[in-house]
Amino acid sequence: QVQLVESGGGLVQPGGSLKLSCLVSGIFFSRYTMEWYRQAPGKQRDLVASITPGDYTNYADSVKGRFTISRDNAKNTVYLQMNSLKPEDTAVYYCRAAMAYWGKGTLVTVSS
């Protein structure tokens with residue numbers, strides 16, 4: 001059974017930082033592309049960042065230069081370091097594994 005568990009969300013002030021984690025089990029983690037998505041209230045779920053097995057990364061234009069995706073294959077975990085957060089980054093953040101499996105999400109709220 002494939003499981004993805006996100007953590008690290010919370011309330012942060014504009015300009016602050018958060019680091020999200022996603023622990024994956026049930027698949028051969030190092031073989032698959034990992035992705036972070038986000039969904040704001042009333043909006044569609046959008047891709048934020050992705051990382052391939054070879055550590056090639058890709059980012060949405062809205063987060064380039066502020067967010068960094070990384071992975072630790074020994075820990076079956078993918079991370080999203082988020083810096084210079086803005087109110088428009090407020091959303092539920094989801095990780096996806098192998099372009100098929102989803103976690104339940106973690107809420108990030110950016111507000112003063």
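Treat the numbers as computed from the prediction; the structure is a model and nothing was measured.
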To the nearest 0.5 Å, what is the distance between CD on Gln44 and CD on Gln39?
8.5 Å

Spell out, as yes or no, whether a donor-acceptor pair under 3.5 Å connects the side chain of Arg71 to the backbone of Thr52.
yes

What is the distance from atom NZ of Lys64 to atom OH of Tyr59, rounded to the nearest 0.5 Å?
10.5 Å

Taking the inter-plane angle between the rings of Tyr94 and Trp102 on a 0 to 90° scale, is it parallel (under 30°), tilted (30 to 60°) or perpendicular (over 60°)?
perpendicular

Heavy-atom pair with the smallest gap, counting every atom of Thr33 and Pro53
OG1-CD, 3.7 Å

Provide the closest heavy-atom pair for Cys95 versus Leu4 in the form atom of the first, atom of the second, distance.
SG-CD2, 3.4 Å

Within-4.5 Å side-chain heavy-atom neighbours: Pro87 and Pro14:
yes

Between Leu85 and Leu18, is any pair of side-chain heavy atoms under 4.5 Å apart?
yes

Between OG on residue Ser50 and OH on residue Tyr37, distance to nearest 0.5 Å:
8.0 Å

Determine, using the 4.5 Å side-chain heavy-atom cutoff (strictly less than), whether Ile51 and Val2 are members of one ILVMFWY cluster.
yes

Is it true that Tyr79 and Val12 fall in one hydrophobic cluster, defined by side-chain heavy atoms closer than 4.5 Å?
no

Listed by chain and number, what are the salt bridge (charged side-chain N to carboxylate O under 4.0 Å, His left out) partners of Glu6, not counting sequence neighbours?
none

Test your reading of the model: is there a side-chain donor-acceptor pair from Ser62 to the backbone of Ala60, 3.5 Å cut-off?
no

Report the distance from atom CD of Gln81 to atom CZ of Arg66, rounding to the nearest 0.5 Å.
12.0 Å

Is a side-chain N or O of Arg96 found less than 3.5 angstrom from the main chain of Tyr101, in a donor-acceptor match?
no

Quick one: do Val48 and Leu107 end up in the same hydrophobic cluster if we chain Ile, Leu, Val, Met, Phe, Trp and Tyr together by side-chain heavy atoms under 4.5 Å apart?
no

Kindly compute the distance separating CD (Gln3) from CD1 (Ile27), expressed to the nearest 0.5 Å.
12.0 Å

Answer yes or no: is there a donor N or O on one side and an acceptor on the other, between the side chain of Thr109 and the main chain of Leu11, under 3.5 Å?
no

Do the side chains of Glu35 and Leu47 get nearer than 4.5 Å, heavy atoms only?
yes

Heavy-atom closest pair, residues Ser17 and Asn83:
OG-OD1, 2.9 Å

Just how far is it from atom CZ of Phe67 to atom CG of Leu20, taken to the nearest 0.5 Å?
8.0 Å

Grab the two heavy atoms, one from Ile69 and one from Trp36, that are nearest each other, plus how far apart they are.
CD1-CD1, 3.6 Å

How close do Gly9 and Thr106 get, counting heavy atoms only, and between which atoms?
N-OG1, 3.2 Å

May I ask you to decide whether Asp89 forms a salt bridge with Lys86, counting only side-chain N to carboxylate O separations under 4.0 Å?
no

By the definition side-chain contact (heavy atoms from CB on, under 4.5 Å), identify the one residue from Leu23, Asn76, Thr77 that meets it with Phe29.
Asn76

Over all atoms of both residues, closest heavy-atom pair of Thr90 and Val110:
OG1-N, 2.9 Å

